[in-house]
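Working notes, beginning with the structure itself.
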Amino acid sequence: MDKTYQPHEIESFWYEKWEQSNYFAPSGKGDPYSIMIPPPNVTGSLHMGHAFQDTIMDSLIRHQRMLGKNTLWQSGMDHAGIATQMLVERKIANEEGKSRHDLGRDAFIEKVWEWKEESGGSITRQLRRMGTSIDWSRERFTMDEGFYKAVQEVFIRLYDDKLIYRGKRLVNWDPKLHTAISDLEVENKDLSGNLWHFRYPLADGATTADGKDYIVVATTRPETILGDSAVAVNPKDPRYTSLVGKFITLPLVDRRIPIIADDYVEADFGSGCVKITPAHDFNDYAVGKRHHLPLINILNHDAAILTRCEIYNSDGSVNGDLDDRLPEQYHHLDRFDARKLIISEFEAAGLLEKVDDHALKVPYGDRSGVVIEPLLTDQWFVAVADLAKPAIAAVENGDIQFVPKQYENMYFSWMRDLQDWCISRQLWWGHRIPAWYDDVGNIYVARTELEAREKYQLGHDLPLKQDDDVLDTWFSSALWTFGTLGWPEQTEDLKTFHPSSVLVTGFDIIFFWVARMIMFTLKFTDEVPFKTVYVHGLVRDQDGQKMSKSKGNVLDPLDLIDGIKLEELVDKRTGNMMQPQLAKKIEQQTRKHFPEGIDAYGTDALRFTFLSLASTGRDIKFDMNRMEGYRNFCNKLWNAARYVLMNTEEHDCGVEGGEVELTLADRWIISRLQETEQQIARHFEEYRFDLLSSALYEFVWNEYCDWYLELSKPVLWDEQAPTARLRGTRRTLVRVLEAILRLAHPMMPYITEAIWQRVAPLAGKQGDTIMLQPYPLAEEHKLDPQATADIEWLKAVMLAIRNIRGEMNIGPGKAINILLRNASAEDLSRLEANRTSLVKLAKLDQITILAEGEEAPMSATGLVGSMEILVPMAGLIDKDAELARLAKELDKLQKEIARLDGKLSNAGFVSKAPADVVEKERAKLTEMREAFTRLQDQQTSISAI
RNA sequence: GGGCGAAUAGCUCAGUUGGGAGAGCGUCUGCCUUACAAGCAGAGGGUCGGGGGUUCGAACCCCUCUUCGCCCA
């Protein structure tokens, strides 16, 4: 074995071997356990969030596989409608100078598929590098033929059940991409803007209480004035009660609009009068509904002003009564230009009262980067009210459990206030809506045009045209757990692996994905999609910032695994940017944070780091220093294995039987192993990967390496040691190491496999791979509290001696003598049990036991319980140094004594606290006082020299 | 404005029914001791955001304030 851990050499070799051997496939034996991957975007690449999530899933799957379950981890990708379409559009614009319209729908889609073939592989390659034990033979894609069947089936059944309908509604419209987008794709940005106060002239000679012939309306969006259909005031606002029911003459369009009263209006916002534009604002839309106001749409799909507005009654019918003309100077004017013109026209007319600065939130399309426009369009919707009820119940009754539990509240609060879900998108890339229209707009929903004609008994000559729109990507994602298992066919896989065992996901998509999966899956399979939802935090950079390309703080997990030079990293972060002006800043930041580039840490270290960060919090700050620590941990494990192999290969490790003697240290480490196994089992159950990884780290480094390996040395180096003891120690060394490897395998698959191959035969284990070995489970009869207590005593003695050595600058190579004073019978028996180890590890020359009253030379003193460990000072220790050390110890003790004393002299504590707590405190106080006295005596006698 | 979450060592974070404040990294000191300098040994470092309350006892429970983050309006 190499002297240092070299991750590269083992990683590629073992992944290929596992995959070729088909170890990732379900075993077909045992209880089923399945995880469906949250499908990444097909044209994207694996970012830190994915890598984090995938590490957790892989650890769970490997753990369950080793527990003997019939495990399925199914992977796949999402077609990601908008993102993918945009990407390919940009690509063909750059490469061929063409738009998608130049190509036409079919040719464009052909291009998307080509790109999918090319880029889809990059994510799977990255996943493989992460060591994920995914059954690749079952990889799915949301645009696959089979999956589309499920999507169609769901759409048609929902339509036939009247749970899907088509209608004109206000949606988030992206004027650049020309499609409706979901709330998830809208990013609200805080901006400083203006609040314009306009005068709206009162009609019919009405006046305000203070005699004005106008009222003042404040708005952040003057351009929508052209679409106003009312002015609203709060019903309790005394300034305006007399005006409710009166009318305004809207300037520019001369529209007569009513003044209405609605609780929605906050009296102390602006003037207390709010313009109501139901076709261009979500709140106004709701107000309009309540007051049966007409919807006046003034914008086209580019968000420019129409020549004639489109007016609908609140029931959706076309309104023919109102004047639909718009002033000519606004025709085809972009919304922001229209805003300027409106302001100047109002100002010219003396109707601009004032302009205030105003902080507002502006919705931006996260893909297009343009301001999103609420727009009235024809869209398809899912009526979610009936679907939501069972979905809420499933979480309430515990069929689905969220971990951590607090996320259930988030889920409930959203589910109890659900809006109908807009599922149509004006895109080409996606699942085309299986609906056809005749010339008069009747809708026919079926799998194919032919089926539509049969289903609705239409004549062969009736011209039908399929809906151009596609479905929201989340619509298909909602079927992910069962659609990928062959539904609507009742396949064996569906029966075996559905419901899936756990969903691992970030809290940011609970609404958009998790909730919708629950609703659809219950509706179509009468099963929950998963029994547990493990919700993890989001990976952020070292400053807690979200990682994003535009911030330039993204990290590619593969760069942490393989390492990257500074210049390459800078190029990677600043290349192909949407906003090239940020490149300079990003370059500076990158050079500051990674002056040396990034070292290669290997997959196992990266995985272990992710797991150690997986606590219950919402933010996960990724810290390179921490990863370095865990890379060192890998190295530690590697070198521990080297030590074990050096001392066991070619030796009798008890595989062939023979008499075995277990030392105290052997019994202790075996006992501690059982405790560690118990802890790890519990942490797995509770999804506390942070506690799990630290329990493992602590056991391997601080107990197995720091103590057990050291304690094995005096045995192995003792030429007089009996064969049975040597055999016992070697057997324990390899057996515990072998168990550690299996324990750690789900978290660190590569290093454990590489080492296991050499260690397993020495521990009498057979098998081609560690990943199919049984997971270590604690055996209670191996717990040994006595051995644990004895070793703790040894550690305490060692610590006392090392402390004296350290503080007195006695080098580790210098052998010293110690004397023991006031040793109890138990101390003495422990001394005998540990004598060889103690002499060797503490580098002792002689151990002298002082009889009661026996004179001791001047010494530095350490205490273990009531036993004093004396290190003679002659020639070694400076008097003042020892006095200073004693003073420090005495000071510590004094503080603790004062605290305990105070507590115990409190009558309330003694009478009300549980007896065992009081007793414990008393014993502690006694011990402290005794220790204090002993050290004080030492202090006195040393000062007297 | 409403809701949720966070605030613990210089940094990143644990802290399980309320009962002696912890880890990793960083810092300081001494060591190339025959697995490991990606290491070993030792040490220092905290008014648990502020205030109030409940309790014999609060990092933990309650109230309140401050700061930060997220979601919603």
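Among pairs with a residue in residues 594-606 of chain A, those fulfilling side-chain hydrogen bond (donor to acceptor under 3.5 Å, both in side chains) read A:Glu11-A:Thr603, at least two apart in sequence or across chains.
In summary, the aromatic rings of A:Tyr630 and A:Phe608 are positioned with their centroids under 6.0 Å apart.
With sequence neighbours left out, the salt bridge (charged side-chain N to carboxylate O under 4.0 Å, His left out) criterion links A:Glu710 to A:Lys713. Listed by chain and number, the residues in a salt bridge (charged side-chain N to carboxylate O under 4.0 Å, His left out) with A:Arg516 amount to none (sequence neighbours excluded).
Residue whose closest nucleotide on RNA chain B sits further toward the 5' end, between A:Thr4 and A:Asn809: A:Asn809. Nucleotides of RNA chain B nearest to A:Lys621 and A:Ala641 differ in position, and the one nearer the 5' end is that of A:Lys621.
On the nucleic acid side, RNA chain B has its first and last nucleotide under 4.0 Å of a heavy atom of chain A at B:C4 to B:A73, going 5' to 3'.
By the 30° and 60° cut-offs, the orientation of the rings of A:Phe689 relative to A:Tyr534 is perpendicular. Classified by interplanar angle (parallel below 30°, tilted 30° to 60°, perpendicular above 60°), the ring pair A:Phe512/A:Trp414 is tilted.
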**OP:** Give the C-alpha distance, both sets of side-chain angles, the deciding distance and a yes or no for side-chain hydrogen bond (donor to acceptor under 3.5 Å, both in side chains) between A:His8 and A:Asp562.
**Re:** CA-CA 8 Å; A:His8 278 88; A:Asp562 297 330; 3.2 Å; yes
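Cation-pi geometry between A:Arg416 and A:Phe412 is satisfied (NZ or CZ under 6.0 Å from the ring centre, within 45° of the ring normal).
Taking a 4.0 Å limit (strictly below) on heavy-atom distances, residues 699-712 of chain A reaches RNA chain B at A:Trp701, A:Cys705, A:Asp706, A:Leu709, A:Glu710.
Backbone-only engagement by A:Lys3 is indicated by non-hydrogen atom pairs under 4.0 Å involving sugar-phosphate atoms exclusively.
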Subject >> Secondary structure of RNA chain B in dot-bracket form (Watson-Crick or G-U wobble, distances below 3.5 Å, | marking inter-strand pairs) >> reply: (((((((..((((.....[..)))).(((((.......))))).....(((((..]....)))))))))))).
